[in-house]
Asker: 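Dropping the structure in here first, questions after.
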Amino acid sequence: MKIVGLTGGIGSGKTTVIKMFAALGVPVYIADIEAKKLMNSSPIIREKLIKLLGNEAYQNDKLNRKFVADKIFNNKNLLEGVNAIIHPEVGLHFDKWREQQTSDYVIKEAAILFENGSYKNCDVVILVTAPEEVRIARVMKRDGVTKSQVEARIKNQWPDSKKRELADIVIENIDLEDTQNLVNDIHIYLS
Ligand code: ATP
C-alpha cells in the first residue's frame, strides 16, 4: 500500500482536492483534524502539553484552545515545542489507521507536510498550488478575513517554489474541472 502525502499552502485547495479523492473511494487521513482530536484524547499529549505550558492548558478534561493559542502566538519556541509533542503522536495514530485500510493507496493530508518533515515517510507527494493572489482572494472570501491576515498566514509557510522542488506531482488548482480530470488520472496512476 502506497502512502501518498498531500499538501499545499493556505487556500490552494487541499480540502477541495482531498474530497475528490475521497469521492473516488480513497481512504483519506486529515492530519489537522486528527491532531485536534488527539489533543483531547491522548494522555501522552496531555501530560507533555501541561509540562510545557502549565495546568491551564486543559480545562475540564478538554484542551483549553484559547489559552494554548495565546501562549504560542508569536512565540516560535513554544509553537515548535507544541508541534514536537503532537507530531509523533499523529504519526503513530496514522500508522495504526493505515494498517486498517485495504486500498492500493491512502492519502495523508497535512498543511505542513514539508515543514515538519513527514513527507519523508510518503511514497508519493502531491502538491496543490494556485497563484498567490488567487489563494488570497479565496481565503478572504471563505473566512471573511483581510488581505494582510491571509498574507501573514502565508508568511508562516514555506514558499511554493521550495515545495515544488520536493513534490512528485503538482496539481495547479485553478479550474475545478481541470483539477477533477487530473485527480482522475492520478487515481488511475496510483491504483
Ligand atoms: P486551508 O489551507 O486554508 O485549509 P485549503 O488548501 O484546504 O485551505 P480549500 O478550503 O479547499 O483550500 O479552498 C479554499 C477556498 O477556495 C474554498 O472556499 C474552496 O471552495 C475554494 N476553491 C478551491 N479550489 C477552487 C477552484 N479551483 N476554483 C474556485 N474556488 C476554489
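Start at 1 and go down the list; that is how both ligands and their atoms are numbered. The basis for the numbers below is simple: all heavy atoms, side chains too, and nothing from hydrogens, waters or symmetry mates.
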Asker: So which protein residues pack against ligand 1 under 4.0 Å, heavy atoms counted?
Answerer: Gly9, Ile10, Gly11, Ser12, Gly13, Lys14, Thr15, Thr16, Arg138, Arg142, Asn173, Ile174, Leu176
Asker: Please tell me whether Ser148 and Glu151 have a donor and an acceptor in their side chains that are separated by less than 3.5 angstrom.
Answerer: no
Asker: Are Asp70 and Lys66 within salt-bridge range, i.e. N to O under 4.0 Å?
Answerer: yes
Asker: Are any of the side-chain nitrogens in Asp143 or Arg153 under 4.0 Å away from the carboxylate oxygens of its partner?
Answerer: yes
Asker: Kindly confirm or rule out a cation-pi arrangement of Lys108 over Phe94, judged by NZ or CZ under 6.0 Å from the six-membered ring centre and within 45° of its axis?
Answerer: yes
Asker: Between Lys51 and Glu47, is the closest basic N to carboxylate O distance under 4.0 Å?
Answerer: no
Asker: Enter the distance from Leu182:CG to Ile169:CD1 here, rounded to the nearest 0.5 Å.
Answerer: 8.0 Å
